[in-house]
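Basis for what follows: all heavy atoms, side chains included, without hydrogens, waters or symmetry-related copies. Whatever order the structure lists ligands and atoms in, that order sets their numbers, starting from 1.
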Amino acid sequence: MVGLLRFCLWQQAQYPLAVSSVRTSRKAVLLGGAYLPPTHPLLSNWKFRNVQWMVTTTRRRRRVRESRCGTVKEEEEEDSSSTAGVMGASPIQLLLVSDLDSTMVDHTDPYHTALLRFNNLWAAEYAHNSLLVYSTGRSPHKYEELHQQVPLLTPSIGIFSVGTEILYGSSLEPDQGWVSLLDDGWDRGVALKELQRFTNLRMQDASEQRPHKISCQVDSKDAQDIMKKLSERLQDCGLKVKIVFSHGIDLDVLPQRAGKGEALAYLLQKMRSKGQIPQNTLVCGDSGNDIELFLVEGVRGVIVGNALPELVEWYKEHGKNKDKIFQATERCASGILQSLQHFSLGPHLSPRDRMGLNGIDSPILPSESRNGRPAMHGCAQREVVEFNTLFEKWINAEVPNNAETFQRLTRVIARGSTMVYPWGVEQSLVDSVSSAQPKYGIMKDNKLRTWIDCIQEQKLADEIFLVTWHSWQISAGGEKKGYFATAILRTKEGMPNGVEWVRVHETARK
Ligand code: GLC
Ligand code: MG
């Protein structure tokens, strides 16, 4: 369940089909997401012949699922790609607009601890009523590269290429209105020709040259001088441009209307015109191209603890409305969480942190006060995330090994409920969960890390909720694995989130 019950089936050699993915190498065998050495006792029952057979069987099944998924995906994409799909009818509690490199993503932490903490909090407490927007200097291509490498959530909206491209939903549908606006006073060919006259400007990768962005690199000592001269030249050519210097080396030439701040202002205006005024907007950044974000009217901002001098200096000299800008002491995503607390924008402790001690505590909404409350919008979603988090902590031995902690997992399972595994086996959900109790600490050494993306909750009927999500997991030495998951939960008094689990269905993704 929740991508983790696969572990319950490790020892069940009587169910050979119950292995989602089996890879063999001289060093290790990957079973259900974890590498085991070939000498591991869990493997003693396995016959290599069976393993081979299972691999082919799994592949064939996957192909069938792929074609089915294809249809589902198309539907999903159609939904999420439209602006209306992203900016739905319900009120937006928080519009969180974050830069990626060195703001959301800490490139110095190979385990992405802070980002996983953020993801965990977002899925549990914000995904049902808030929008996540990435605003990055990266082109969509470089963004995809990063998305493959690090545990980034899928945003509702992506503002790419330093505010020159606004793309919606998982299908990344471009905002054509924004494209047309940027054409005003912009002639890429002329700008490029002028720029090439400066011999101390070096062009960046081809992928970063975009219809409304020309990007180069320049030594920081030459930057001010070049920016001044280039600006004059382009003005003389009748162009309306903006030149942005970031990271002490990157120089972007954009249409004057473009930039991270302008793009956000455009988005906010668009939302307003649809009656979708976010209750709060938080912008997060670390470098020069983020400065504009902090200048957008009505937003609060966090400068992460590791921000570059170019942003910190700007803040010291020009940071107007300083009470609306918070300088975090923590790095990257941890700084963002700090700012949620600073501005009282909502919960700031991820289940991963608050469930750390005894696995069941919740300082945000104490279990006593939740008990007996009818499940509200977001409760089923929170249950999915908390359950998943506690399960992860159980097999990683990050919570105490006692019956009370484990009971948090079994008591929320409805009698007669079932789980369908990605490999096509149905099992009693209670049995699946219970069989995990002796697996305490099995991932202690290579730490399984999971994150839940694209989580959505729908109330199907009174007291019945459908939750869908993408579950991802990775462990030290293991490869990233993903599942599509669907669960039915229903209201039940006395449960930590006011709901119990009725059915879970998982499908392995490509
Ligand atoms: C990203 C982009 C690059 C840009 C820089 C600063 O690194 O890939 O093209 O110059 O951000 O905005
Ligand atoms: Mg950055």
Side-chain angles (χ1 to χ4, degrees), residues 96-109 112 114-115 118 133-150 152 155 158-167 182 188 191-192 195 198 200-220 222-223 226-227 230 241-255 258-264 282-294 301-315 327-328 330-336 339:
L96 193 147
V97 184
S98 180
D99 167 53
L100 291 176
D101 294 287
S102 305
T103 301
M104 192 56 93
V105 180
D106 188 346
H107 294 283
T108 67
D109 175 10
H112 300 289
L115 180 55
F118 172 86
V133 180
Y134 294 150
S135 181
T136 174
R138 287 179 180 246
S139 60
H141 171 81
K142 283 236 159 133
Y143 159 72
E144 274 305 330
E145 271 180 13
L146 186 69
H147 203 176
Q148 295 304 318
Q149 291 157 5
V150 306
L152 273 177
I159 303 176
F160 299 102
S161 311
V162 200
T164 61
E165 297 176 71
I166 302 178
L167 307 180
L182 297 190
R188 192 176 198 286
L192 184 61
L195 209 125
F198 291 82
N200 34 8
L201 283 178
R202 303 173 294 277
M203 295 305 280
Q204 290 184 15
D205 288 354
S207 74
E208 300 315 279
Q209 312 303 337
R210 306 294 296 167
H212 295 101
K213 168 175 173 277
I214 305 175
S215 292
C216 7
Q217 295 203 320
V218 61
D219 294 342
S220 63
D222 303 328
I226 287 196
M227 280 166 80
L230 186 59
V241 300
K242 173 184 276 178
I243 304 176
V244 184
F245 185 62
S246 308
H247 312 129
I249 187 158
D250 295 321
L251 192 135
D252 303 312
V253 180
L254 322 168
K260 287 189 173 190
E262 299 278 356
L264 175 57
L282 176 70
V283 303
C284 321
D286 77 300
S287 82
N289 68 10
D290 300 317
I291 291 174
E292 283 194 4
L293 283 176
F294 296 94
V302 52
I303 296 178
V304 290
N306 53 295
L308 292 174
E310 62 203 27
L311 178 58
V312 177
E313 290 308 316
W314 168 83
Y315 171 66
Q327 231 183 335
E330 305 262 347
R331 294 179 59 83
C332 302
S334 291
I336 300 177
S339 74

Response to the item:
Logged contact type for K142 with ligand 1, heavy-atom cut-off 4.0 Å, is neither
Fill in: Nearest neighbour in protein (non-hydrogen) for atom 5 (C) of ligand 1
D250 OD2, 3.5 Å
Fill in: Under 4.0 Å to a heavy atom of E208 - the qualifying atoms of ligand 1, by number
2 (C), 8 (O), 9 (O)
Worksheet item: In terms of atom number and element, which parts of ligand 1 are under 4.0 angstrom from non-hydrogen atoms of Q204?
Response: 3 (C), 4 (C), 9 (O), 10 (O)
Worksheet item: Should you measure from each heavy atom of S215, which atoms of ligand 1 turn up under 4.0 Å away?
Response: 9 (O), 10 (O)
Practice prompt. Could you tell me which atoms of ligand 1, counted from 1 in the order shown, lie closer than 4.0 angstrom to a heavy atom of N289?
Written response: 6 (C), 12 (O)
Worksheet item: Which residue owns the protein heavy atom closest to atom 4 (C) of ligand 1, what's the atom, and how far is it?
Response: D252 OD1, 3.3 Å
Discussion item. How wide is the angle at the Mg ion (ligand 2) spanned by D99 OD2 and D101 O, rounded to 10 degrees?
Written reply: 80°
Item to complete: Please report which non-hydrogen protein atom sits nearest to atom 1 (C) of ligand 1, along with the residue it belongs to and the distance in Å to one decimal place.
Response: G137 C, 3.6 Å
Discussion item. Taking only non-hydrogen atoms of K213, do any sit less than 4.0 angstrom from ligand 1?
Written reply: yes
Worksheet, complete the sentence: Closest to the Mg ion (ligand 2), among the N/O/S atoms of D286, is atom OD1
Item to complete: Identify, by atom number and element, the atoms of ligand 1 in contact range of V162, meaning under 4.0 Å from any of its heavy atoms.
Response: 12 (O)
